[in-house]
Asks: 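Just passing along the structure, written as C-alpha cells.
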Amino acid sequence: MIPQLYSVRQIKQETHDTFTLELDPKDGTKTPSFEAGQFNMLYVFGVGEVPISISSDPTAPKYLMHTTREVGIVTKAMRKLKRGDMIGVRGPYGTHWPIEESAGSDIVIVAGGIGLAPLKPALCHLVARRENYGRVVLLYGTRSPNDILFQKELKQWRADFDLEVYVTVDRAIGSWRGNVGVVTTLIPKAPFDPLSSVALICGPEVMMRYTVQELVRRGVNHGKIHISMERNMKCGIGFCGHCQMEASFVCKDGPVFTYGALENIFGKREV
Amino acid sequence: MSEIITHAELRRLMDDWIARGGEVIGPAAVKPDLVQYARLESAGLMLSGYIHPANSIKEFFFPRSEILYRYKFTGKKIELSDVVNDPVKPMLIMGARPCDASMLPILDRVFNWDYKDNFYDKRRDAATVVTMACTEHDDACFCTSVGCGPAAEQGSDALLIRLGEDAFEVRCLTGKGRALFQGKTQPGERTAEIPPGPPLKFDADFVRKFTRDNFDNPIWGELTLRCAGCAACAYTCPTCHCFDIVDEGNAYGGARVKNWDCCQFSMFTQHASGHNPRSAQGQRQRQRLSHKFAIYPDKFGEILCTGCGNCGRICPVGLGVLTVLEEISNATPSLESVEPV
C-alpha cells in the first residue's frame, strides 16, 4: 500500500472550481500505462488520500493527468500544490471503459459536470482510433456555461474528429445561446443507432439514473450501457469495505460497471 | 487411542515458546471481571474456566491500529519507508475458542481474494493457533446456527479437549500443530467427549433469504432506533474487517495508519461533498447483517459470522446479531416474502 512518488509538473485551472494536476514519476521512469476509466489513489502528504480518475490520453501517456473539483480537504490541498511538489500515487486501479471491445459500434457518451473527466481518456482513445468506430456522440450537461470543462478539446474533437458534441446547461447565463435543460433531454434526439451502440455514462448518480432510463427507452441493451460509480474509498484494492455496494466493491469490480450488472441495486437508495 | 497432554506440560510448552523469543496469546483476566485474549508474560497467567473473552483473536492478525508506511519531509523532498517487511515474532495463540479460530479462513479470503495483504499474511504465517473446545456456553452463544461448533476445527492448528481435571486430549490438525506438540504428548486410552454446543437458534438460510428480500422493510429502521452506532459489535467481532486509513504526522513527517472502522458509523460511506449513500442507521444495520449472511456467502460460500456471541454480550442496547435475528423472526409471520422456520 506504499505509493509511488510523483512530482507536480503543472496545475492548470480548468473552471472556477476544477483543476488538472499533471504529474511526472519522481524517479524518471515512464508513466505507467492505464486503461480509460481507471483511477489512482492520490495522496497529499500529511493531508490524505483520495481516489481520482485518470484524465490523460491512454494512447500517448506522456505524463499523468487528473482533473478534479475542489471539494474536500484533500482536493483543496491538492490545488495549492506547486510545481515540483511531491505527491503519492497508487494505481492504476479498477475496471475500465470498453473502448477496444466496442470497435465497430456507435458510441454514445453522456457526461454530467466533472463526470467528463473520467471520460476524457475514452474520448482521447476514440479520436486516436476514430476509423474503428461508427458514430461517436458526446452529450454533456453542466450547471452553467462557466462549468464546461475541456472547452478547447471539445471544439477540437467536434471540428477535427467527426465527433458529434451536444452541450446543455441547467442555467443559461451571459451570452449562452445553446441548449438549456438537463442532459437527458438530449438523448431522444441524439443521432446514434440504439441497437448497435455502446453507451458510456459518468456524472452524479441521479443524472446517471435518468440517463440509463432514457437510453433503455431508446432500446440500448442493458449490457451495453456502462456507468462509472463513485464511493468513498480508503484502500482502493478491495479490502477496507468502504466502497461496498451490495456484493460489488466499486474499487475492484468498478468503477465502471455495465448497467446490467448493477440493475438490481442501481438507483436504489441506501445501498 | 489418543494423544494426551497434561496441564503442566502445556504450560511448559508455552513458557518455552516465550523463552525462545516468541509471543504467547491467551485468555487472561486483564482487569477484574474482564477476560480478554492478551499477550501473556508467562503461561501461569492464562485463565481457564472462561466462556468467551470479550475480544477476539482478530487483533493479533489485523491490529486495531497499524502503520502502513512512514514518510519524512526534508525541504521539498519526501522520503518513504516501507514497514511491510518488518519481521513479526512467532506467535502462539493458546486457548482460542473454535469460534475465534474459525475467523481465520474467513479473513484469509478477505485479505487475499485479489490483492494480497502482506501485513495480514505475515502474521498469519507466523502464528500457530491452538483452540480449546468449549465445555460450556452462555445465552449469547450461537455457533451451531452458523456452521461452527464447540469443537469446530476451522482455522485451528491443534484442538485441545478437556480430559478429566488435569489433562487435554490433543488433536493435531495441521503441520504447525504437529510440530508444536511433537514429543510433548503421551498416548492414552481415553478419548475426550465432544461437548454439546448451544441449541440451534435460527436458520441461516432463512436469514440469507430475509436480508435479500427485505431491503426496504421498515423493520430495519424500527430495530435500530436504539442503536447508538458505537461499533462495539464490530470491534469485538472476529470476522468484521473494515478499516480506515488516516494520516498521523506533523511538519517533519509522519505515517499512514490503518485503523479499524465500522459500517455502523455514519461517516463510513460519506463522500467529501457531504453526500452519504448510506445515511440511515437502519440501512447500515441491514448492510452489516446482509454482508454477513448473504453477500459474503454468495462470494465465498461461507457465513461471515462464527456465532461467538460477542456482539450480543457487549452491545449497550441489546442489539447483537442474535437479538436482531430473534426480533426479525418474531416479526416475520406477518411478512409474505419469507417462510419462517
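Worth knowing before you read on, the calculation uses all heavy atoms, side chains too, and leaves out hydrogens, waters and symmetry mates. Given the structure is predicted, the values throughout are model-derived calculations rather than measurements.
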Asks: How long is the straight-line distance from CD of B/Gln287 back to CD of A/Glu270, given to the nearest 0.5 Å?
Replies: 11.0 Å

Asks: Do the numbers put A/Lys234 on top of the ring of B/Phe243, so that NZ or CZ is under 6.0 Å from the six-membered ring centre and no more than 45° off the axis?
Replies: no

Asks: Identify the two heavy atoms, one from B/Ile78 and one from A/Leu5, that lie closest to each other, and give their separation to 0.1 Å.
Replies: O-CD1, 3.4 Å

Asks: Decide if atom CD of A/Glu263 counts as having more than 12 heavy atoms of other residues, nucleotides or ligands within a radius under 6.0 Å.
Replies: yes

Asks: A/Met1 vs B/Ile245, test: side-chain contact (heavy atoms from CB on, under 4.5 Å). Steps then yes/no.
Replies: CA-CA 10 Å; A/Met1 293 230 239; B/Ile245 304 176; 4.2 Å; yes

Asks: Restricting to non-hydrogen atoms, name the atom on A/Cys240 and the atom on B/Phe268 that form the minimum distance, rounded to 0.1 Å.
Replies: O-CZ, 4.1 Å

Asks: So A/Phe239 and B/Cys242, do their side chains get closer than 4.5 Å, heavy atoms only?
Replies: no

Asks: Is A/Gln10 atom CD crowded by more than 12 heavy atoms from other residues, nucleotides or ligands, each under 6.0 Å away?
Replies: yes

Asks: Working to the nearest 0.5 Å, report the span between CG of A/Asn264 and CZ of B/Arg212.
Replies: 11.0 Å

Asks: If you count the non-hydrogen atoms of other residues, nucleotides and ligands that lie under 6.0 Å from NZ in B/Lys116, is the total more than 12?
Replies: yes

Asks: Quick one: NZ on A/Lys268 to CG on B/Asp216, what's the gap to the nearest 0.5 Å?
Replies: 6.0 Å

Asks: Looking at A/Met86, A/Glu205, A/Lys82, which has the largest count of heavy-atom pairs under 4.5 Å with chain B?
Replies: A/Met86

Asks: Is it the backbone or the side chain of A/Lys26 that comes under 4.5 Å from a heavy atom of chain B, or both, or neither?
Replies: neither

Asks: Identify which of B/Gly249, B/Gly282, B/Pro277 forms the greatest number of heavy-atom pairs closer than 4.5 Å to chain A.
Replies: B/Pro277

Asks: To the nearest 0.5 angstrom, please state how far the CZ atom of A/Arg269 sits from the CZ atom of B/Phe215.
Replies: 10.5 Å

Asks: Which one of A/Gly238, A/Gly48, A/Gly72 has the most heavy-atom pairs closer than 4.5 Å to chain B?
Replies: A/Gly238

Asks: Looking at B/Phe119, B/Phe111, B/Tyr296, which one has more heavy-atom pairs under 4.5 Å with chain A than the rest?
Replies: B/Phe111

Asks: Taking atom CG of A/Asn232 and atom CG of B/Asn276, what is their separation to the nearest 0.5 Å?
Replies: 9.0 Å

Asks: Listed by chain and number, what are the side chain to side chain contact (heavy atoms under 4.5 Å, CB included) partners of B/Glu79, not counting sequence neighbours?
Replies: B/Lys72, B/Thr74

Asks: Quick one: does B/Leu80's side chain get under 4.5 Å of A/Phe45's, heavy atoms only?
Replies: yes

Asks: Would you indicate whether the side-chain heavy atoms of A/Arg231 and B/Thr269 approach each other to under 4.5 Å?
Replies: no

Asks: If you count heavy atoms of other groups shown closer than 6.0 angstrom to CZ of B/Arg123, is the number above 12?
Replies: yes

Asks: Does any part of the side chain of B/Lys76, heavy atoms only, come nearer than 4.5 Å to the side chain of A/Asp85, both counted from C-beta?
Replies: yes

Asks: Tell me whether B/Arg256 is salt-bridged to A/Glu49, with the criterion being a basic N under 4.0 Å from an acidic carboxylate O.
Replies: yes

Asks: Which members of residues 245-253 of chain A, sorted by number, sit under 4.5 angstrom from chain B on a heavy-atom basis?
Replies: A/Glu246, A/Ala247, A/Phe249, A/Lys252, A/Asp253

Asks: Non-hydrogen atoms of chain A under 4.5 Å away: do they reach the side chain of B/Asp261, the backbone, both or neither?
Replies: side chain

Asks: Hey, is CZ on B/Phe73 packed in by over 12 heavy atoms from elsewhere, all under 6.0 Å?
Replies: yes

Asks: Please rank A/Gly241, A/Cys243, A/Gly46 by heavy-atom pairs under 4.5 Å with chain B and give me the top one.
Replies: A/Gly46

Asks: What do you reckon, is CZ of B/Arg109 surrounded by more than 12 foreign heavy atoms closer than 6.0 Å?
Replies: yes

Asks: Could you tell me which of B/Lys299, B/Gln270, B/Lys77, B/Glu248 has the largest number of non-hydrogen atom pairs under 4.5 Å with chain A?
Replies: B/Gln270

Asks: Using heavy-atom distances under 4.5 Å, tell me whether A/Arg69 contacts chain B through its side chain, its backbone, both, or neither.
Replies: neither

Asks: Taking B/Ser279, B/Ser273, B/Ser290 one by one, which has the highest count of heavy-atom pairs under 4.5 Å against chain A?
Replies: B/Ser279

Asks: Determine the option with the most heavy-atom pairs under 4.5 angstrom with chain A, choosing from B/Leu68, B/Asp298, B/Asp114.
Replies: B/Asp114

Asks: Of the non-hydrogen atoms in B/Ile295 and A/Gln244, which two are nearest, and what is the gap between them?
Replies: CG2-NE2, 3.6 Å

Asks: Can you say whether A/Val47 sits under 4.5 Å from chain B via the side chain, the backbone, both, or neither, judging by heavy atoms?
Replies: backbone

Asks: Determine the option with the most heavy-atom pairs under 4.5 angstrom with chain A, choosing from B/Arg286, B/His241, B/Lys258.
Replies: B/Arg286

Asks: So, does B/Gln283 use its side chain to make a donor-acceptor pair with the main chain of A/Val271 at under 3.5 Å?
Replies: no

Asks: Given a strict heavy-atom distance threshold of 4.5 Å, which part of A/Cys235 is in contact with chain B: side chain, backbone, both, or neither?
Replies: both

